[in-house]
K.L.:
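Please see the structure below; I have some questions.
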Amino acid sequence: MEYKPSIFQVDELQACNEKELIELSQLYSLSNGLLILPPPDVKNSTLLLDASTTQPAYALATPAPTTIYPTPFPKRNFSQAYDLQPIFNLLIDKIALDSEFLLEILKPVSKVDDFLAHLIEIFEATSQSVSNQPIRLGIHRSDYILHYDAANEMGDLDGQNLKEVINFFSSNKFKLLQVEINTIASSFGSLSSLTTGLHNFLSARTGNFWGHFPSENPQSSPIPENNSLLNIAKGLAQAHSLYGSAQAAVLFIVQEGERNVFDQRHIELALFQRYGIIVIRKTLLQAKQDVHLGLDDKLYIDTQEISVVYFRSGYSPDDYPSAVEWEARLILEKSRAVKCPNIAYHLAGSKKIQQVLAQPGVLERFISDPQHLDLIRQCFAGLYPLDYSPEGDAAFQKALQSPSRFVMKPSREGGGNNIYGEDIVSFLQSLPENDPSRSAYILMDRILPPHLINNNVGLRFGQPSLRGNFVSELGIYGVFLTKNDDVSLNLAGGHLLRTKLDSSNEGGVAVGHSVIDSPYLV
Ligand code: ADP
Ligand code: MG
Ligand code: MG
């Protein structure tokens, strides 16, 4: 099978005036906090809105990267992703409670992966499991790409009109395949809710996208509602309330120089405005200096007790430049505060676990409902070990033979870590024979999304920046809260659609490869 995308041309988007949509996008983003910080070198983003200003614009903030149009997405696959989320939430919880399983799978990998070794060390130092921490809060995001096997029957749909493309999109020909599940620092919940607002506004304000947007009746809007911001805040607030100390504060662990800061600040505002809960922000380095454990391992900053620690940092080796940050993570983990995620949830989301779950019989260890098993299996792409087992050796050979069919992944988060195509071959061939580091990687079937050619535009800094063939990735936020076995929240809490040019392998919004989009359900 060659990597051969299916291309859909959608001409009818030309209905709206692009300049007007861009200006209105800027207006909406700036007025509603749909914002990011620019990179330090972008001091000046000239906005159409402020074309008349004579002041140099030192941008304190700039519109978040978004599309001007939503993107068609099959209704069936969208609701499938929502249906899957509560099952994944439970699955992560069960895996996290099974320390024997986590250690059996991850210990061998930790021998060749320093970062994982540090996480395991903390896991083992804190009694190996979350069972001593009765309150568990998960804020996850499970990501999917639609798969369409072009080799089947495509090719002749290029240049079809909108109606035919929409018919095709709704024709059950796409498979929803999971890319990964994020259990730590799942971002863009706030900005994605705001982007739903942006596209509803643009559609209503410019007279309905594509000429058939039934905006009179929001119930039937093809742009689905999206409450990720409020559901994430709700998860944190209910965990705070289960913890049971009303005067306590929530601690956000953040990265130094974070650009996606408004995504976090919206949650902070919602926590205060809706629940009266105060948020304190610290980097891991600051946390090491400022937090301490009190009686019964309660977590404090000065005399301020902390109820919940919400990690928006700590998922990448870059977040631990020295031993100090690891010490901070250990203290936080040891404390009685609710960690989102706790170390076991973090480990349960690693890519090695994802690969092992796809092996026959493993899901059954955690899930008994046959319908749930079936739903989950349907969304698994082919996943293979790259260790020195017979299966790993077979995957190694397959990767060398047809690298375009695969993605090679280390157990890392945050984008930019995967290896694609011919790079897989050169990487594998560069490894000395029997080099143990091969085991730190997994191999995954490459998912082939439909490519959309339309006149959609990706805005960066409020300016038209991306044009061409677009592909999209859907994320569903999961919010899960339990005390011992008493589950009080198990939600599919909203969604994120990220759209990128098909020329880019990875879709980081903050690094400018992809933009936030909304699904237009067909
Ligand atoms: P991370 O945790 O770094 O986000 P991902 O597994 O999500 O790692 O991979 C990053 C990006 O690489 C994804 O957003 C997607 O664009 C692309 N990608 C990952 N796996 C696949 C796959 N199996 N097929 C196609 N693209 C993939
Ligand atoms: Mg990830
Ligand atoms: Mg990802």
Side-chain angles (χ1 to χ4, degrees), residues 1 3-6 88 92 115-116 138-150 174-189 192 260 311-319 341 345-355 357-358 379-384 386 395 398-399 402-421 423-424 440-451 469-478 495-517:
M1 181 183 81
Y3 181 74
K4 185 171 156 232
S6 318
F88 273 119
I92 292 292
F115 178 65
L116 194 58
I139 297 178
H140 312 309
R141 200 188 66 227
S142 179
D143 292 335
Y144 304 89
I145 295 179
L146 284 182
H147 179 71
Y148 183 79
D149 188 346
F174 295 99
K175 237 169 133 177
L176 183 85
L177 293 182
Q178 187 183 48
V179 176
E180 61 152 348
I181 186 161
N182 296 290
T183 58
I184 180 166
S186 304
S187 61
F188 292 112
S192 68
N260 189 23
F311 286 92
R312 292 293 293 254
S313 170
Y315 54 83
S316 151
D318 299 344
D319 296 330
Y345 269 43
H346 184 174
L347 291 173
S350 54
K351 293 185 171 71
K352 184 63 194 176
I353 296 287
Q354 179 189 10
Q355 177 258 304
L357 286 175
C379 81
F380 279 175
L383 287 148
Y384 320 92
L386 276 172
K398 276 198 298 188
S402 30
S404 71
R405 288 177 50 196
F406 300 104
V407 181
M408 190 176 154
K409 303 186 178 188
S411 279
R412 285 287 175 279
E413 298 300 324
N417 301 300
N418 300 340
I419 307 174
Y420 299 85
D423 291 347
I424 298 181
Y441 291 83
I442 63 161
L443 193 69
M444 183 173 185
D445 282 347
R446 182 142 189 186
I447 307 170
L448 304 176
H451 295 221
N469 296 7
F470 290 108
V471 296
S472 301
E473 179 169 340
L474 177 73
I476 306 291
Y477 294 93
H495 57 270
L496 165 73
L497 192 71
R498 279 174 301 172
T499 290
K500 64 176 183 179
L501 292 179
D502 63 2
S503 50
S504 129
N505 275 327
E506 299 230 357
V509 172
V511 291
H513 289 305
S514 72
V515 297
I516 309 173
D517 196 351

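Remember, it's 1-based here, ligands and their atoms both numbered in the order they're listed.
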K.L.:
Heavy-atom count around K175 NZ within 6.0 Å, excluding the residue itself: above 12?
P.N.:
no
K.L.:
May I ask whether D445 places a heavy atom under 4.0 Å from ligand 1?
P.N.:
yes
K.L.:
What atoms of ligand 1 come within less than 4.0 Å of a heavy atom belonging to V407?
P.N.:
21 (C), 22 (C), 23 (N), 24 (N)
K.L.:
Under 4.0 Å from a heavy atom of R412: which atoms of ligand 1 are those, numbered in the order shown and with their elements?
P.N.:
2 (O)
K.L.:
Is any side-chain heavy atom of R412 closer than 4.5 Å to one of P317?
P.N.:
yes
K.L.:
Kindly confirm or rule out an N or O of E473 lying under 3.5 angstrom from an N or O of ligand 1.
P.N.:
yes
K.L.:
Please tell me if the side chains of L383 and Q354 come closer than 4.5 Å, counting only heavy atoms from C-beta onward.
P.N.:
yes
K.L.:
Verify whether one side chain among Q355 and K352 offers a donor that lies under 3.5 Å from an acceptor in the other.
P.N.:
yes
K.L.:
Which pair of non-hydrogen atoms, one from T499 and one from D517, has the smallest distance, and what is that distance?
P.N.:
OG1-OD2, 2.6 Å
K.L.:
Would you indicate whether the side-chain heavy atoms of R405 and I424 approach each other to under 4.5 Å?
P.N.:
no
K.L.:
A side-chain contact here means heavy atoms from C-beta on lying under 4.5 Å apart; do H495 and S192 qualify?
P.N.:
no
K.L.:
Specify side chain, backbone, both or neither for I447, according to which of its non-hydrogen atoms lie closer than 4.0 Å to ligand 1.
P.N.:
both
K.L.:
Do E413 and E180 have side chains that approach each other closer than 4.5 Å (heavy atoms only, starting at C-beta)?
P.N.:
yes
K.L.:
Measure the shortest side-chain to side-chain distance between D445 and F406 over non-hydrogen atoms and say whether it is less than 4.5 angstrom.
P.N.:
yes
K.L.:
Considering only heavy atoms, does E413 approach ligand 1 within less than 4.0 Å through its side chain, its backbone, both, or neither?
P.N.:
both
K.L.:
So, regarding I145 and ligand 1 (criterion: nitrogen or oxygen to nitrogen or oxygen, under 3.5 Å), is there a contact or not?
P.N.:
no
K.L.:
Under 3.5 Å between some N or O of ligand 1 and some N or O of G416?
P.N.:
no
K.L.:
What I want to know is whether R498 and ligand 1 share at least one N or O pair that is separated by under 3.5 angstrom.
P.N.:
no
K.L.:
Rounded to the nearest 0.5 Å, what separates atom SG in C379 from atom CZ in F88?
P.N.:
4.0 Å
K.L.:
Looking only at N, O or S atoms in E413, which is nearest to the Mg ion (ligand 2)?
P.N.:
OE1
K.L.:
Could you tell me if the side chain of L474 sits less than 4.5 Å from the side chain of I476, heavy atoms only?
P.N.:
yes
K.L.:
Taking N, O or S atoms only and a limit of 2.8 Å, check whether Y315 reaches the Mg ion (ligand 2).
P.N.:
no
K.L.:
May I ask you to list the atoms of ligand 1 that are less than 4.0 angstrom from any heavy atom of M444?
P.N.:
23 (N)
K.L.:
Side chains of F470 and L501, heavy atoms from C-beta outward: is any pair under 4.5 Å?
P.N.:
yes
K.L.:
On a heavy-atom basis, I'd like to know which of M408, E180, R405, R446 is closest to atom 4 (O) of ligand 1.
P.N.:
E180
K.L.:
Within the structure, is a non-hydrogen atom of G415 found at a distance of less than 4.0 Å from ligand 1?
P.N.:
yes
K.L.:
With a cut-off of 4.0 Å, which atoms of ligand 1 are near a heavy atom of G414?
P.N.:
1 (P), 2 (O), 3 (O)
K.L.:
Which of the numbered atoms in ligand 1 are below 4.0 angstrom from a heavy atom of K351?
P.N.:
1 (P), 2 (O), 5 (P), 6 (O), 8 (O)
K.L.:
Can you tell me if Y315 contacts ligand 1 (heavy atom of the residue under 4.0 Å from the ligand)?
P.N.:
no
K.L.:
Are any of the N/O atoms in K500 less than 3.5 Å from those in ligand 1?
P.N.:
yes
K.L.:
Heavy-atom contact check, 4.0 Å cutoff: does V179 meet ligand 1?
P.N.:
yes
K.L.:
Restricting to N, O or S atoms of E180, which is nearest to the Mg ion (ligand 3)?
P.N.:
OE2
